2 protein chains.
Amino acid sequence: MSLPHAILTALLEKPSSGLELTRRFDRSIGYFWSATHQQIYRELGRLETDGLIRALPAEQPSRGQKKSYEVLPAGRDELARWTAASQDPKPHRDPLLLRLRAAAVVGTAGLEADLRRHLQLHERQLAEYREIEERDFPPGRDGTGDRLRHLVLRAGIDLETFWTQWLRRALEDFPGPPEG
Amino acid sequence: MSLPHAILTALLEKPSSGLELTRRFDRSIGYFWSATHQQIYRELGRLETDGLIRALPAEQPSRGQKKSYEVLPAGRDELARWTAASQDPKPHRDPLLLRLRAAAVVGTAGLEADLRRHLQLHERQLAEYREIEERDFPPGRDGTGDRLRHLVLRAGIDLETFWTQWLRRALEDFPGPPEG
DNA sequence: AATCTCATGTAAGTAGTTACATGATTAT
DNA sequence: ATAATCATGTAACTACTTACATGAGATT
């Protein structure tokens, strides 16, 4: 149940319409909680029904008209409650690691090219994160909110760094020394 | 569509019953592709219907009787096809990073205790992975399959190492220096 | 008028989760 | 015989994905 809270966070940072939220989920927030526009519109409807957000008054007919939302006090309370609540880490699901495990059984044929492609994608993402860090967190003091946001970005940078290193290491084993 | 392939991999490594698979998904395979027994039984049924696996002949009445499965040639082919096929990396979803982002907006009250708990859990997982590495991959030469399995385990070790380090760093900021 | 883009949605399907049901075997 | 555990399942629900629909405003 993280999507509503992701949306509440995004709306608290800045009141937005569905499409604007969708755009922000393609960068920023979406780096660690992705969502499509269909999910977002549905969830906006629920949050409004539940009284956690409201449409900014600007006389909107139903369709095709931009509709912006802001967070109500009940929404902020719910987000604070959720943030403080204890949550178990969800089990990981990583298809790439699964594929390597499968390759250990059925062979590595055809796998190398896709590993190289993944390496490129992770390198690109890492470069993007580093640009954001340079732009948004120049050396110097951060405020409390900035410090936390910087910490989250560092997680992204370190994770992408890990993947690029791990993939390079994996590729060193391809096609691999002859089997014993 | 990774669960059927996770099951095929597990069954190729060793033919098993549903419950045995469930146990193996609680360790080993489950470290990077978790599944509950309900998912596994449902998927075993589908795989059997599709002719990718079959129940080992041992006259099984319907319920309460152990039923083991093995992979058929069509199943091995499908796994090899899937392993070699190009796949885009799925977007990440990390509730903990989301919570830190939310905390940047609504405050960090109540968050520290859960971060400490997560740190403990990751430390335990890391210790477990290291034991497995010592036991299953002692220094020396690995075969090709072993090399790949070791590589996958190293990913687990490195990821857990990252999380423990990141969480320690995050906790250094709690309750945090006074706000600017 | 036709077309393109912006913006909001509906519908259907798949995957995963949670709660519960039931038969078979073993231990007390 | 009762209870605990092993083993296999059903049912209902939630979250996510994919494909499509539709209105409004701008462009040609």
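Letters go in sequence order (proteins before strands), and every chain restarts at 1. Just so you know, these numbers come straight off a predicted model, no measurement behind them.
With rounding to whole Å, A:Phe25 atom CZ is found 11 Å from D:dC16 atom P. Taking atom CG on B:Leu44 and atom C1' on D:dT8, their separation rounds to 10 Å, with Å as the unit. In this structure, B:Leu3 places its CG atom 17 Å from C1' of D:dT17, rounding to the nearest Å. Nucleotide D:dG9 holds its C1' atom 10 Å from the OH atom of B:Tyr69, rounded to whole Å. We find that CG of B:Leu47 is positioned 13 Å from P of D:dG9, with the value rounded to whole Å. Taking atom NE2 on A:His37 and atom C1' on D:dC16, their separation rounds to 14 Å, with Å as the unit. Atom CG of A:Leu19 is separated from atom P of D:dA24 by 17 Å (rounded to the nearest Å). We find that NZ of A:Lys66 is positioned 18 Å from P of C:dT5, with the value rounded to whole Å.
In this structure, A:Arg149 has no side chain to side chain donor-acceptor pair (under 3.5 Å) partners at least two apart in sequence or on a different chain. Taking the side chain to side chain contact (heavy atoms under 4.5 Å, CB included) definition, one finds that A:Ala103 meets it with A:Thr108, A:Leu111, B:Thr83, B:Leu148, sequence neighbours left out. Remark: B:Glu13 engages A:Arg101, B:Arg24 in a side chain to side chain donor-acceptor pair (under 3.5 Å) (not counting sequence neighbours). Evaluation of the side chain to side chain donor-acceptor pair (under 3.5 Å) rule for A:Arg117 yields A:Asp114, B:Ser86, B:Asp88 as partners, not counting sequence neighbours. In this structure A:Leu72 satisfies the side chain to side chain contact (heavy atoms under 4.5 Å, CB included) test together with A:Arg54, sequence neighbours excluded. Applying the ring-ring contact (aromatic ring centres under 6.0 Å, His included) criterion to B:His118, with sequence neighbours excluded, gives no partner residue.
For residues 124-140 of chain A, the pairs satisfying salt bridge (charged side-chain N to carboxylate O under 4.0 Å, His left out) are A:Glu133-A:Arg154, with sequence neighbours left out. Sorted by first and then second residue, the pairs that involve residues 119-139 of chain B and meet ring-ring contact (aromatic ring centres under 6.0 Å, His included), not counting sequence neighbours, are B:Tyr31-B:Tyr129, B:His122-B:Trp163, B:Phe137-B:His150. Sorted by first and then second residue, the pairs that involve residues 69-96 of chain A and meet ring-ring contact (aromatic ring centres under 6.0 Å, His included), not counting sequence neighbours, are A:His5-A:Trp82.
A sub-4.0 Å separation between OP1 or OP2 of D:dG9 and a side-chain N or O of B:Tyr41 is absent. Close to D:dT8, at under 4.0 Å from its OP1 or OP2, lies a side-chain N or O of B:Ser17. Between A:Lys67 and C:dG9 there is a side-chain polar atom (N or O) within less than 4.0 angstrom of OP1 or OP2.
Side-chain atoms of B:Thr49 never come within 3.5 Å of backbone atoms of B:Leu47 as a donor-acceptor pair (strictly under, hydrogens ignored). Between the B:Asp50 side chain and the B:Leu52 main chain, no donor and acceptor come within less than 3.5 Å of each other.
When each of B:Lys90 and B:Glu20 is assigned the nucleotide of DNA chain D bearing its nearest heavy atom, the one mapping closer to the 5' terminus is B:Glu20.
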Each nucleotide N or O in nucleotides 12-15 of chain C that has a protein N or O under 3.5 Å away: list the pair and distance.
none

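Within 6.0 Å of atom CZ in B:Arg168, more than 12 heavy atoms from other residues, nucleotides or ligands are found, so the atom counts as buried in its surroundings.
Ranking C:dA7, C:dA19, D:dC20 by closeness to the A:Gln38 side chain, first place goes to D:dC20.
The C1' atoms of five pairs define one axis at each end of the helix from C:dA1-D:dT28 to C:dT28-D:dA1, and these two axes lie 10° apart (to 10°).
Of the residues in residues 76-84 of chain A, none has a non-hydrogen atom less than 4.0 angstrom from any atom of DNA chain C.
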